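Take a look at the following structure, please.
Note that the coordinates shown come from a computational prediction; the quantities given were computed from them, not determined experimentally.
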Amino acid sequence: MNGHDNGGKRVLLWNAASGGLPTNETTFAKVLKEQGYSTGIIGKWHLGVNCNSMDYFCHHPLNHGFDFFYGIPFTLVNECEPSRPGEIAVEYKEKLWFDAQVFFITVLTLIANKKWKLIDITWTVIVIFALSGTLFFMYWFIAFAFQPYWNCLFMRNLEIVEQPMDLKTKSGQIIKEAKAFINRNEDKPFLLFVSFLHIHTPHYTTKEFRGRSKHDLYGDNIEEMDWMIGQILESIDHNNLKNNTLIYFTSDHGAYLEGMEGSPHLKGSNGIYRGGKGMGGLEGGIRVPGILRWPGRLPANTVIDKPTSLMDIFPTVTNLGGGMPPKDRIVDGKDLMPLLEGHVLNSGHEFMFHYCAGHLHAVRWHQTSSETIWKVHYISPKFPEGAGACYGLKLCPCSGEKVIYHVPPLLYNLSSDPSEKNPLPSDSELYSKVLPTIQKAIARHNATLHKVPQQLYGLNNAWKPWLQPCCGTFPFCWCNKENDP
C-alpha cells in the first residue's frame with residue numbers, strides 16, 4: 001500500500017473508505033495462486049474493501065490473490081471494545097463537537113436577530129444554512145457514533161458473519177479456521193497468512209489467559225498469542241508438514257508506547273532501543289524479531305544479525321513458490337533464502353530508507369567492508385521533556401512543529417551504539433566520510449520514485465455510507481452468523 005501519502009492519514013480510517021490496495025499491485029498471494037497454491041489469510045487485512053459500491057470488493061483479499069479470507073477487513077481498535085476509550089480521530093471528534101456548538105449558537109443567533117429585525121437576511125438563507133450545517137454534523141456524528149458497527153466486523157470470504165464482532169470468541173475462531181485451512185490443504189501446496197489481532201489495542205484477552213503474566217494485560221495478551229502460535233505449529237506437525245513448510249513469525253512494528261499512558265495494564269517495552277510504533281526511523285519502532293522454522297532446510301539455533309526488511313517477504317515467498325517478482329517495477333525487498341541458508345554473508349540491503357508517511361526520517365547503511373551499520377537521522381519526533389514517546393497523542397507526527405529537523409543530520413554507529421544515544425560530532429573526520437556516501441544513496445533512491453494515486457488522502461479516506469459493508473439493510477447493520485445455529 002502507498003504509505004507515502006503527503007497530506008493524508010497513515011492508515012485507512014473506515015471500512016467504507018474508497019482507498020485501499022490498488023488492483024494493479026502484485027501480491028505474493030497472487031503470484032503463488034498462479035503457481036497452483038491454495039492461499040488464505042486469517043485475521044487483520046486493513047487494506048480496504050470497496051471502491052464504487054458496497055458489493056464491488058475491489059480492495060478485498062479475494063481480489064488480491066487469496067482464495068480464502070476469515071477476519072476483520074479493518075484493524076483492531078479500542079472502538080471494538082466497549083470498555084475502552086475511543087482512539088480513532090480523537091482530536092477531530094473534539095473539534096467537531098466544538099464546531100457543532102458554535103454552529104447551533106450561530107443559527108439561534110440568526111433566528112433571533114431576524115425575528116427582532118436586527119439584520120437584513122432572508123429566511124431562505126437561514127434555512128439553507130441551518131439545513132446544510134445540520135446535515136454535515138449529522139453525517140459525522142452518525143459515522144463516529146456507530147464505529148463499532150461500521151469498522152468492527154468479521155467476514156468469511158465476501159460474507160459478513162459478525163457485525164459488530166465479539167472479541168471474546170475471536171482467538172478460538174481464528175485458530176479453528178487456521179487449523180481447518182491446513183487440514184483442507186495438507187496434500188497440496190498452500191500459503192497461509194495469519195495476521196493476529198494480538199497484541200494490538202485494546203489488548204483484549206480471553207479469561208483463560210488473564211493474570212498469567214507478571215506484565216499485566218499486555219503480557220497476558222502475548223501469552224495468549226503464544227498459545228495460538230503453538231496451536232498452529234501443532235497442526236502443521238500433526239499433518240506431517242513440518243519438514244516442507246516454511247514458518248515465518250514477525251511483527252510489523254515495535255511496542256506502542258503512547259497507548260500505555262495512564263494505564264498500568266498496557267506496558268510494552270522495546271528494551272534498549274529508542275522510540276516505538278509510528279516513529280519514523282527510531283530503532284524501537286522498526287527493529288522487530290524475525291523467527292523462522294524449516295527443519296532440514298534452515299539450520300536450527302542460528303542467529304543472523306544483518307539488516308533485513310519485511311519487504312523481503314515478497315521476493316522470498318514468491319521465489320520459493322516458483323514464481324517471479326514483477327519486472328515492470330523496482331522491488332525493494334531481497335530474497336532471504338541465500339542468507340538464511342548460509343550461502344551469502346549479507347542480505348543485499350546496503351542502504352535502507354525509513355519513512356514516516358511521505359517524509360524520509362532516517363537512512364541506514366550497512367558498510368560491509370568494516371561490518372559497520374551507520375544510521376543518519378534527518379527528522380525525529382519531538383518528545384515532551386524527559387519522555388520517550390509522544391504522550392498525549394495517538395502517534396508521533398511525521399512533520400510540522402512537533403518534529404525536529406536535524407541540520408546537520410545526526411549520524412550514529414549502530415554497531416556500537418544501538419540505543420542511538422551518542423551521535424558522532426558533525427565536525428569529525430568520520431562524519432565527513434560517511435555522510436556523503438549516504439547522501440549519494442538518497443539521490444539514487446529519489447531517482448526511482450514516481451507519483452502514484454494517493455490512497456489515504458482526502459475523500460479516499462472518508463466514510464462513504466454507500467460503501468459501508470453491512471450485514472442487513474443499511475443503516476441497520478447487525479448479525480451474528482457464527483453463533484447462530
Quiz prompt | Spatial distance of atom CD1 (I236) from atom CD (E234) [nearest 0.5 Å] | solution = 11.5 Å
Exercise. Please find out if less than 6.0 Å separates the ring center of W227 from that of F209.
Key: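 Between W227 and F209, the centre distance is under 6.0 Å.
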Exercise. Keeping the roles fixed (side chain from S235, backbone from I232), state whether a donor-acceptor pair exists under 3.5 Å.
Key: no
Self-check item: From L167 atom CG to C152 atom SG, the distance as rounded to the nearest 0.5 Å
Solution: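 Nearest 0.5 Å value for the CG-SG distance: 7.5 Å.
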Exercise. Might you work through the salt bridge (charged side-chain N to carboxylate O under 4.0 Å, His left out) test for K168 and E208, ending with a clear yes or no?
Key: CA-CA 11 Å; K168 295 191 297 294; E208 291 83 1; over 6 Å; no
Quiz prompt | Nearest non-hydrogen partners of K277 and H200, listed with the distance | solution =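 In this case the closest contact between K277 and H200 is NZ-NE2, 3.6 Å.
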Quiz item: Are the side chain of S18 and the backbone of C51 linked by a donor-acceptor contact shorter than 3.5 Å?
Solution: no
Quiz item: Do K95 and E91 sit within salt-bridge range, that is, some charged N less than 4.0 Å from a carboxylate O?
Solution: no
Quiz item: So does L459 have more than 12 non-hydrogen atoms from other groups sitting under 6.0 Å from CG?
Solution: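 For L459, atom CG is not crowded (no more than 12 foreign heavy atoms under 6.0 Å).
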Exercise. Please confirm whether the backbone N or O of E401 pairs with a side-chain atom of K382, one donor and one acceptor, at under 3.5 Å?
Key: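 Answer holds: yes.
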Quiz item: With distance as the sole test, does H359 use its side chain to make a donor-acceptor pair with the main-chain N or O of S399 at under 3.5 Å?
Solution: no
Quiz item: Is the distance between the ring centroids of W150 and W14 under 6.0 Å?
Solution: no
Exercise. For residues Y391 and F383, establish whether the separation of their ring centroids is below 6.0 Å.
Key: no
Self-check item: Within the 6.0 Å centroid threshold, strictly below: Y92 and W140
Solution: yes
Exercise. List the steps, then state whether side-chain hydrogen bond (donor to acceptor under 3.5 Å, both in side chains) holds for S370 with Q367.
Key: CA-CA 6 Å; S370 64; Q367 188 181 20; 3.1 Å; yes
Quiz prompt | Nearest atoms (heavy-atom pairs only) where N460 meets Q455 | solution =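 For N460 versus Q455, the nearest heavy atoms are CB-O, 3.5 Å.
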Practice problem: Check whether more than 12 heavy atoms from other residues, nucleotides or ligands sit under 6.0 Å from atom CG of D328, and answer yes or no. | Solution: yes
Exercise. Using a cut-off of 6.0 Å, state whether more than 12 heavy atoms not belonging to N24 lie near its atom CG.
Key: yes
Quiz item: When rounded to the nearest 0.5 angstrom, what is the spacing between OG1 in T39 and CG in L191?
Solution: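 Reported value, rounded in 0.5 Å steps: 6.5 Å.
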Self-check item: Charged N-O contact under 4.0 Å between E350 and R364
Solution: no
Quiz item: Taking E79 for the side chain and P148 for the main chain, is one N or O donor matched with an acceptor at less than 3.5 Å?
Solution: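 The answer is no, because no donor-acceptor pair under 3.5 Å joins these two groups.
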Self-check item: Straight-line distance of Q101 CD to L96 CG, nearest 0.5 Å
Solution: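 Rounded to the nearest 0.5 Å, the CD-CG separation comes out at 10.5 Å.
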Self-check item: Ring-ring centroid check H445 F353, cutoff 6.0 Å
Solution: yes
Quiz item: So does K421 pair up with E283, basic N to acidic O under 4.0 Å?
Solution: no
Exercise. Begin from the C-alpha positions of K306 and D312 and carry the test salt bridge (charged side-chain N to carboxylate O under 4.0 Å, His left out) through to its verdict.
Key: CA-CA 13 Å; K306 303 291 182 179; D312 299 335; over 6 Å; no
Self-check item: Carboxylate-amine/guanidinium proximity below 4.0 Å for E162 and K170
Solution: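 Salt bridge flag = yes for K170 with E162.
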Quiz item: Should the heavy atoms of other residues, nucleotides or ligands under 6.0 Å from CZ of F351 be counted, would the total exceed 12?
Solution: yes
Quiz item: Are more than 12 heavy atoms from other residues, nucleotides or ligands located less than 6.0 Å from atom CG of L430?
Solution: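 Yes, CG of L430 has more than 12 neighbouring heavy atoms, counting only those of other groups under 6.0 Å.
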Exercise. Please report the shortest heavy-atom distance between I373 and S415, naming the atom on each side.
Key: N-OG, 2.8 Å
Self-check item: Geometric cation-pi criterion, K375 with Y412: 6.0 Å, 45°
Solution: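 Output no; distance or angle outside limits.
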Practice problem: Determine, for K93 against D99, whether the closest basic-nitrogen to carboxylate-oxygen distance falls under 4.0 angstrom. | Solution: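 Answer for the salt bridge query: no.
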Exercise. Go through the steps for E224 and H198 under the test side-chain hydrogen bond (donor to acceptor under 3.5 Å, both in side chains), then give the verdict.
Key: CA-CA 8 Å; E224 184 168 29; H198 302 59; 3.1 Å; yes
Practice problem: Check whether any side-chain N or O of D220 sits under 3.5 Å from a backbone N or O of S213 as a donor-acceptor pair, and report yes or no. | Solution: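 Looks like yes, one N/O pair under 3.5 Å.
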Exercise. Might you work through the ring-ring contact (aromatic ring centres under 6.0 Å, His included) test for Y70 and F181, ending with a clear yes or no?
Key: CA-CA 10 Å; Y70 180 77; F181 182 88; over 10 Å; no
Quiz prompt | Least distance between heavy atoms, Y378 atom then L360 atom | solution =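 Result for this residue pair: CB-O, 4.0 Å.
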Quiz prompt | Pair H361 + Y355: ring centers closer than 6.0 Å | solution =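 Centroid distance H361-Y355: not below 6.0 Å, so no.
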Quiz item: Is there a donor-acceptor contact under 3.5 Å from the side chain of N15 to the main chain of N151?
Solution: yes
Quiz item: Between N270 and G275, is there a donor-acceptor pair closer than 3.5 Å when you use the side chain of the first and the backbone of the second?
Solution: yes
Quiz item: Is the side chain of E371 donor-acceptor paired with the backbone N or O of S369 at a distance under 3.5 Å, no angle test?
Solution: no
Self-check item: Six-ring centre of Y204, R210 cation under 6.0 angstrom, axis tolerance 45°
Solution: yes
Quiz item: Sub-3.5 Å donor-acceptor pair from the side chain of T318 to the main-chain atoms of M324, do we have one?
Solution: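 No, because the side chain of T318 does not come within donor-acceptor range (under 3.5 Å) of the backbone of M324.
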